[in-house]
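Everything below concerns the one structure shown next.
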There are 2 protein chains.
Amino acid sequence: MNTELKKRAPRRKSNAISVMDVARAAGVSTATVSRVLNGNGTVAPALQDRVREIAQNLGYTPHAAARALASQRSKIIGAVIPSLENQNFALGVFALQKRIGEAGYTLLLACSYYDQEDELKQVRALIADGIAGLMLVGRSHSPALYELLAKERIPLVNGWTVDQHHPYVGFDNVAVGRRIAEYLLDLGHVHFGMITQMTQHSDRAADRIMGVRTALQTRGLELRHEHLIEMPHKIIEGQMAMRALMQGPVRPTAVICGTDLLAVGALAEAHEAGIDVPGELSIAGINDIEFSSFTTPPLTTMRLPADEIGTRSAEYLLAHIEGRPVSSQNIVPTDLIVRGTTGRAPGRG
Amino acid sequence: MNTELKKRAPRRKSNAISVMDVARAAGVSTATVSRVLNGNGTVAPALQDRVREIAQNLGYTPHAAARALASQRSKIIGAVIPSLENQNFALGVFALQKRIGEAGYTLLLACSYYDQEDELKQVRALIADGIAGLMLVGRSHSPALYELLAKERIPLVNGWTVDQHHPYVGFDNVAVGRRIAEYLLDLGHVHFGMITQMTQHSDRAADRIMGVRTALQTRGLELRHEHLIEMPHKIIEGQMAMRALMQGPVRPTAVICGTDLLAVGALAEAHEAGIDVPGELSIAGINDIEFSSFTTPPLTTMRLPADEIGTRSAEYLLAHIEGRPVSSQNIVPTDLIVRGTTGRAPGRG
DNA sequence: TTGTAAGCGTTATCAT
DNA sequence: ATGATAACGCTTACAA
């Protein structure tokens, strides 16, 4: 039997500073360095300071992959949003990133393009990358996705929605729809139109429609089928939708738009068509984007604090990861912002 | 000497499927599985198919951290942008994410908040996470950042700019400023104002100002000190700036805004002040955001294709990582979009 | 309190 | 063409 050591060419190593380098420089073991830098274990205060200083001077940054592999946890949080084109989500992600960054976590970001299968694929990739937590948008996700997350024990939070079965940070989109509809009903409107994003891709849009419908039904009114138009989420599509709405036999006097972006398009069409807003026609949006204060007239809308959703989602995830107690139900406040595009129904003034 | 095996409590393992599981199920070694899945090495075609199928059926996803550790490379690309509030950057990141996603990479996203030190910190974190490539915005970065990247041999691309010393995907912001100024000069304007973002935080803003200045000087004109206003990047700030501009002794007849967002604010102020645009005053933006087609009148601006910057940055990075040849200089086309907010100088019509 | 070394899930080297 | 196994950089169970 051969007892000599097998020799083998060393593998290509990164030229970065490692725990070994720090340990050697400090005259201690790698275990001690690790303990100091991770704040667990017990190391004499004086030694701690010395190790920390040496690590600092050497410019040591722990290799995240190695750490993740050894400890079976990572400092990466994932988020999958439908699209970054929607500023609402961009702002939410921005706030999320900021908050987790303060806690030493980094953000792995993916987009689902409003598709559940894509979303599942993205989540698989994020899991492979070892995320410690995940933020999603809405509550309609692939069952396989929920299973996967449960199996891997990865904390999840659904944003921009409320959810019976999973932790969430958001608001009740049904209530949002109801609220804006009730406001217009109180203004005497009877004939309603609605322009929304594709409900096929957005449980939020579907909820808002339901809210509007509910409010109308309570007053014995209804949202006529031909007065509900679903469009891709673009200003120009909002304009097209409004044009279609104004060509029907019964013209609505109040048009609720699922988002401000669509409302801006609707408003632009009213302008072009010479329709007086809010004299002849009231238009309302949902979101309160920066722009909405600067349309003419300024847009009446519902304020939905995207940044707060991001921040509180981050806080939920961090707390959950670190084992601190947190509520799984996180309602974020919404507000009706009355500006210039809404008024009493014509002839009810 | 003690020759018995040391026993030790097993460490907490993840319950995910590993190469071992696949290897066992296929009756081969882990090496073979790895070779099949990574497409290197040489494995009999029939075996390849079998292994691939088994891996598929088992739902095997390689552990990214372990892979990164063993292979010293990762499938993660990093990006640090000033802010996600700026839709321009959001769109660029969106395109970048999409393109690298198609190639099996994921996106680690961080924000610098327009601060070089923050940016350096974020890049450090991304490097620790083992990014295979990095996209930054602009060309003004901490020297330490450049050193770090060089030392770690991480490919970098600077977006939204041109750069003498580093790979870039973007356009010459000086030329953009010059172009819009020349257009207005040709319209007979002599008195110019300019509203821009804080140059302190943006080499792009500084470049655009220089471009405007250059154009004016060529015609023997100048941008007066009190006619250049730097503001945070908000619509309302654009409005404030315009108000200030209109209160001075010499009122400009043409105001160039560093971004469309500022231009929207400026336009709103002109409206409120009862100033006729473009009769009395021409206003131009830079960016061509979706909104700019829907202001009244629609905004004249420079089109800067953010999505193309993202896509081409992704392509540069991927090519570089995979050792394919690519150009380090990537100019993206910009266009003057003449719409309704600009016209001949008053009295020159 | 500190050190030793096993083990995390892969890849890549060497042997067969 | 395939298998055995060292090595990747770190954390942590256990020994000292």
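So that the names make sense, note that chain A is the first sequence line, chain B the second, and so on, each numbered from 1.
Rounded to whole angstrom, the span from the CZ atom of Arg67(B) across to the C1' atom of dC8(D) amounts to 14 Å. dC8(D) atom C1' lies 9 Å from atom CG of Leu69(A), rounded to whole Å. Rounding to whole angstrom units, CG of residue Leu37(B) and P of dG9(C) are separated by 17 Å. One atom, CZ of Arg24(B), and another, P of dG3(D), lie 14 Å apart when rounded to the nearest Å. Atom-to-atom, OH of Tyr60(B) to P of dT10(C) comes out at 3 Å; the value is rounded to the nearest Å. To the nearest angstrom, C1' of dG9(C) lies 17 Å from CZ of Arg73(A). One can place CD1 of Ile127(A) at 17 Å from C1' of dG9(C), the figure rounded to the nearest angstrom.
Across all strands shown, Ala31(A) has heavy atoms under 4.0 Å from base atoms, whether or not it also approaches the sugar-phosphate.
Between dT11(D), dA1(D), dT11(C), one nucleotide has an atom nearer to the side chain of Thr30(A) than all others, and that is dT11(D). Among the nucleotides dA4(D), dT2(C), dC10(D), the one closest to any side-chain atom of Ser18(A) is dC10(D). The side chain of Thr32(A) lies closest to dG3(C) when the candidates are dG3(C), dT10(C), dT11(C). Comparing dA13(D), dC8(C), dT10(C) by their closest approach to the side chain of His63(B) singles out dT10(C). The Ala70(B) side chain lies nearest to dT10(C) when the options are dT2(D), dG3(C), dT10(C).
By the ring pair (Phe, Tyr, Trp, His ring centres under 6.0 Å) test, Tyr60(B) pairs with no residue at all, sequence neighbours left out.
The pair Arg99(A)-Glu102(A) meets the salt-bridge criterion, since a charged nitrogen lies less than 4.0 angstrom from a carboxylate oxygen.
When only modelled atom types and interatomic distance are considered, Thr106(A) and Asp129(B) share a side-chain donor-acceptor pair under 3.5 Å.
Taking the six-membered ring where the residue is Trp, Tyr113(A) and Phe94(B) present tilted rings, their angle falling between 30° and 60°.
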